[in-house]
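First comes the structure, then the notes that go with it.
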Amino acid sequence: MAVQEDEPTARLKAYEGRPAAVTGVGKDPVNLPMIRHWCEAMGDTNPAYAGPGAVAPPTMLQAWTMAGLSGQRGRTSPYTELLGLLDELGCTSIVATDCEQEYLRPLRPGDEVTFDAVIESVSDRKTTRLGTGYFVTTRMNVRAGGEPAGTHRFRVLKYAPARERPDEPRPRRPRPVVNRDNAGFWQGVAEHRLLIQRCTDCGTLRHPWLPGCNACGGPDWDTVEASGEGTVYSYVVVHHPPFPAFDPPYAVGLVQLAEGVRMVSDVVGVPHDKVRIGLPVRLEFRSCDEELTLPVFRVVER
Ligand code: ZN
């Protein structure tokens, strides 16, 4: 006897094969200004994407179909219904997980883009670190001047956020991934020393630790110990999603060390909404649990 699917899953799977978007039309034809902005944002200087005979970068495929802030055109009622049904099942949160693209022909300036999309699959109920829910995969077929140009398969997880149970021990912070390239850094941290790699060929400092020098390619290095003085070069305040062992909102800083390199770490000593670019900070070592010590940066009182 076949295992009977639970009833919500069967209702969700009934949407497989139904349209997610029909007769979508790109807001602009493929054009050089959008290609140029994309390439600048990506740092892509490939000459194939500029000048006479330019083609669009293949990975721009989805960009030509995006509706922008003014709204999604062509979204179908089955797709809206499916998302509504997931909301009713308590899967009110959504996160994009991955996409896959296939390219069938290059897109060139002047090409008019049209597309449609189908709900390709709805997964069984899955439990992830974020919560329990369903992966929904849509496949968009993109055409240029009516010819197939590519496909864009896009997967989201609609889920009910996992809640921490007060009776469970608090989860520990994630462990750093220590490997042969960065083991010296973590050895330094264990000794309460913040070590910066220095290329012994050209003297350039680098962080995070890498097997070679970005400036000269040299493989040899030694270390200098950071003074611990720095300033907040940039920061973000994390509100969402919640991760075990972290209590949002919290500030994550990109700290410019006095030696010139930058590193990402916690900015502590002030509330998250008082962190500002330019604040002076000083290194300290925080013991998170019996195994984990992390370098963090405390705002210096002025
Ligand atoms: Zn070097």
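Indexing begins at 1, ligand by ligand and atom by atom, following the structure's order.
The aromatic rings of Phe185 and Trp209 stand perpendicular to each other, their planes meeting at an angle above 60°, with 30° marking the opposite boundary. Between Phe154 and His152, the ring-plane angle classifies as parallel under the 30° and 60° cut-offs.
The Zn ion (ligand 1) has Cys199 SG, Cys202 SG, Cys213 SG, Cys216 SG as its protein N, O or S neighbours under 2.8 Å.
Under a cut-off of 6.0 angstrom, the local environment of CZ in Arg282 is sparse, with at most 12 non-hydrogen atoms contributed by other residues, nucleotides or ligands.
Glu16 and Ser121 share no side-chain donor-acceptor pair at under 3.5 Å. In summary, the side chains of Gln101 and Tyr103 do present a donor paired with an acceptor at a separation below 3.5 Å, with no hydrogens or angles considered. The closest side-chain donor-acceptor pair between Ser287 and Thr293, if any, does not fall under 3.5 angstrom.
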